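I have placed the structure first, in the form of structure tokens, so that the comments after it can refer back to it.
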Amino acid sequence: QFHDILPGSAVSEAYVDADKDWQFAKDTAQTVLNRTMARWTKAIVDSKPGDDAIPYLIFNSVDGDRSDIVEVPISEDWTGENWQAIAHDGKALKSQIVDSCSMEEGNNEGRSLLVSLDTVDSIGYQTIYLKPIEKDDDISTENHRYKLANQFIEATIDSDSGLVTELIDLATGENCLKSSSNQLQFFKDEGQYWDAWNIDPDYEKYSLSAPQLIDIKWLETGPVRQRIRTTFKWQNSTFWQDYILDSNSPYLTVTTQVDWRDRHVLVKAAVFLDESYDQATYQIPCGAIARPTRPKTDAEKAKWEVPALQWADLSAADNTVGLSILNDCKHGYDAKPGQLRLTLLRGATWPNPNADKGYHCFTYALYPHARSWQKAGTVHHADCLNRPLRAVAIAPDSSTPKTQPAAAQLLTLGQSNLRLMTLKRSEDSAKNWVVHCHESHGEVASLENAEILGQPLVGNNCVETDLLEKSAIAVSEVITPWTVTALKFSNDAD
């Protein structure tokens with residue numbers, strides 16, 4: 001991978017080859033995944049509630065139990081106007097039919113059924129069934145109050161600006177926002193010799209006009225998901241931002257689609273908090289790093305833009321309250337006391353005169369929380385945003401023995417600050433397996449509650465190894481903060 005390709009600073013010709021390579025890698029991975037899931041689903045016990053029920057396996061690839069929403073595409077071949085999801089134990093699940101909300105030209109994704117699941121086990125699955133039911137009365141979206149609420153948070157969207165004016169954590173009853181937030185900010189971005197590489201250190205001196213809100217409307221107001229769409233125009237570009245609140249989500253999701261046409265412009269999304277929020281923390285590979293919001297040294301002042309992986313957090317100094325911005329693909333942030341911003345777009349013209357032009361789709365989320373980001377589970381929620389629950393259709397198969405239960409937990413590391421990186425076969429034997437994990441909170445951890453297939457992970461057949469799998473020592477009783485750990489164990493299960 002040529003180093004200029006990922007940040008968007010390569011010449012346009014480089015992406016012709018890169019796109020082919022990426023597509024090949026994606027197709028290969030999808031083929032392996034489909035083959036694995038097909039083999040797996042054939043062995044699951046069938047407790048189908050009626051001949052008209054359509055079975056699906058719901059898979060959680062995140063280490064940690066989760067309450068979440070899964071989206072199941074509705075096939076054009078299915079008869080019936082409405083559908084209900086049923087759990088494997090016969091319990092009716094909250095369901096909601098939604099239409100495709102994409103603004104991309106020519107993109108027609110049809111309808112989907114949203115299903116709310118109370119708990120899906122860590123690295124585990126459960127079976128649900130879709131059944132046709134009588135069509136309910138249409139849910140009206142005629143609502144002139146732009147407020148989204150569930151059991152965790154309440155968000156108010158201003159009808160004149162399209163910004164978030166209130167974001168209340170219902171656990172504390174406090175509005176964490178100091179002023180209207182999710183503000184799209186535009187800055188002149190030119191004059192740097194390395195156009196696609198550098199951001200002007202003084203870009204904030206060259207603020208440009210605010211975007212114009214041209215539409216705001218409700219798209220969904222059902223029991224599983226609430227969704228408000230705002231449409232902004234800025235010069236030659238159009239932004240569609242959907243505020244989404246799922247029934248069991250503690251964060252407000254902002255799904256953004258952009259038809260980006262402007263050059264030499266830097267775009268950021270800004271959140272404004274109380275100035276007591278002055279502890280900035282950013283996720284880095286296998287850990288997190290705290291950076292000052294009041295820089296004093298030249299080295300600190302030079303970091304006006306810093307990288308992060310899936311999240312950044314701004315919390316009060318006493319760690320009693322804070323807000324995390326979770327993201328699925330945008331990795332540039334900056335922070336001041338009471339302000340956290342995520343960089344969304346640029347428009348360099350050298351070495352590629354058309355860099356970033358065209359259609360963009362990305363998602364980020366605003367997660368207000370009490371206590372520290374560690375205790376609030378920011379790492380876990382960022383994982384969930386990036387790895388949504390997967391729905392896999394279960395094809396009928398009478399030739400395969402039904403040996404697997406309708407729901408199961410396959411692997412858990414037993415502590416929220418231990419995060420799974422890899423589960424793979426060992427390099428030395430097909431019967432040996434290797435788990436890579438890391439400590440993510442800067443705290444001590446233990447593997448005493450880790451389990452695989454319902455059995456303790458750490459035992460007589462488990463050793464600690466290095467990442468090359470060349471050494472073998474006894475498993476440490478204590479995992480130190482920010483440590484990457486590799487465990488090798490034997491397992492005869494197929």
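Given the structure is predicted, the values throughout are model-derived calculations rather than measurements.
- Counting heavy atoms from C-beta outward, Pro388 and Glu71 have side chains that stay 4.5 Å or more apart.
- Remark: side-chain polar atoms of Asp158 are paired, donor with acceptor, to backbone N or O of Ser161 under 3.5 angstrom.
- His331 contributes a side-chain N or O that, together with a main-chain N or O of Leu309, makes up a donor-acceptor pair within less than 3.5 Å.
- Taking the six-membered ring where tryptophan is involved, the planes of Tyr203 and Phe187 are perpendicular, since the angle between them exceeds 60° and thus also 30°.
- Note on ring orientation: taking the six-membered ring where Trp is involved, the planes of His441 and Trp373 are perpendicular (angle over 60°, cut-offs 30° and 60°).
- Inter-residue side-chain proximity for Tyr251 and His381 is flagged as met; some heavy-atom pair is nearer than 4.5 Å.
- For the pair Lys268 and Asp334, the salt-bridge criterion is met [side-chain N within less than 4.0 Å of a carboxylate O].
- The CG atom of Asp262 lies 4.5 Å from the CG atom of Asn236; values are rounded to the nearest 0.5 Å.
- Using cut-offs of 30° and 60° on the angle between ring planes, the pair Trp194 and Trp350 is tilted.
- Listed for the Tyr206 side chain is no donor-acceptor partner under 3.5 Å among the backbone atoms of Asp200.
- The side-chain heavy atoms of Tyr333 and Ile325, taken from C-beta on, include a pair separated by under 4.5 Å.
- Side chains of Asp63 and Ser122: a donor-acceptor N/O pair is present below 3.5 angstrom, by distance only.
- At distances below 3.5 Å, at least one donor-acceptor pair connects side-chain atoms of Lys330 with backbone N or O atoms of Leu344.
- For the pair His369/Ser324, a side-chain contact is recorded, criterion being any heavy-atom separation below 4.5 Å from C-beta on.
- Closest approach of Ser9 to Ala196, counting heavy atoms only: CB-CB, 3.8 Å.
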**Request:** Kindly determine whether Asn248 and Ser116 satisfy side chain to side chain contact (heavy atoms under 4.5 Å, CB included), including the steps that lead there.
**Result:** CA-CA 8 Å; Asn248 47 12; Ser116 177; 3.4 Å; yes
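- Atom CZ of Arg390 has 12 or fewer heavy atoms from other residues, nucleotides or ligands within 6.0 Å.
- Looking only at side-chain heavy atoms (C-beta outward), Ser209 and Phe186 stay at 4.5 Å or farther from each other.
- The side-chain contact (heavy atoms from CB on, under 4.5 Å) test with Leu323 singles out one residue from Asp169, Leu167, Thr378, Leu314, and that residue is Leu167.
- For Asp121 and Gln126, the side-chain atoms include no donor-acceptor pair closer than 3.5 Å.
- Under a 3.5 Å cut-off, the side chain of Trp260 and the backbone N or O of Arg346 do form a donor-acceptor pair.
- With 3.5 Å as the limit, one finds no donor-acceptor pair spanning the side chains of Asp19 and Gln23.
- Formation of a donor-acceptor pair under 3.5 Å by the Glu464 side chain with backbone atoms of Ser476 is found in this model.
- Summarising the local packing, CG of Asp298 is surrounded by 12 or fewer heavy atoms from other residues, nucleotides or ligands at distances under 6.0 Å.
- Side-chain contact between Gln185 and Leu266 is absent, with no heavy atoms from C-beta onward closer than 4.5 Å.
- Looking at heavy atoms from C-beta onward, Ile244 lies in side-chain contact with Arg225 at the 4.5 angstrom threshold.
- Remark: the backbone N or O of Lys336 is not paired with any side-chain donor or acceptor of Asp278 at under 3.5 angstrom.
- No more than 12 heavy atoms of other residues, nucleotides or ligands shown are found within 6.0 angstrom of CD on Glu275.
- For the pair Thr165 and Asn175, the tightest heavy-atom approach, listed with the atom from each and the gap, is O-ND2, 3.6 Å.
- Here CD1 of Ile69 is found 8.5 Å from OG of Ser249. Values are rounded to the nearest 0.5 Å.
- Side-chain contact, Trp197 with Asp4: a donor N or O sits under 3.5 Å from an acceptor N or O.
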**Message:** Walk me through whether Ile153 and Tyr367 qualify under side chain to side chain contact (heavy atoms under 4.5 Å, CB included).
**Reply:** CA-CA 9 Å; Ile153 62 174; Tyr367 174 37; over 6 Å; no
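- Phe272 approaches Ser179 most closely through the heavy-atom pair CB-OG, 3.4 Å.
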**Item:** From CA spacing to verdict: side chain to side chain contact (heavy atoms under 4.5 Å, CB included), Val254, Asp242
**Value:** CA-CA 6 Å; Val254 185; Asp242 291 3; over 6 Å; no
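- More than 12 heavy atoms of other shown residues, nucleotides or ligands fall within 6.0 angstrom of atom NZ in Lys424.
- A donor and an acceptor atom, one from each side chain of Tyr243 and Asn182, are located under 3.5 Å apart.
- Between Gln415 and Val444, the shortest heavy-atom distance links the atoms NE2-O, 4.3 Å.
- The two atoms that bring Leu117 and Ile128 nearest to each other are CD2-CG2, 4.1 Å, heavy atoms only.
- A distance-only check finds a donor-acceptor pair linking the side chain of Gln226 to the backbone of Ala149 [under 3.5 Å].
- Smallest separation of non-hydrogen atoms from Arg263 and Pro353: NH1-O, 3.3 Å.
- Note that CD of Glu305 and CD1 of Ile199 are 4.0 Å apart. Values are rounded to the nearest 0.5 Å.
- In this structure a side-chain-to-backbone donor-acceptor pair under 3.5 Å is present from Asp195 to Thr349.
- The number of heavy-atom neighbours closer than 6.0 Å to NZ of Lys375, taken from other residues, nucleotides and ligands shown, is 12 or below.
- Checked by atom type and distance alone, the side chain of Tyr15 pairs as donor or acceptor with a backbone atom of Ile5 at under 3.5 Å.
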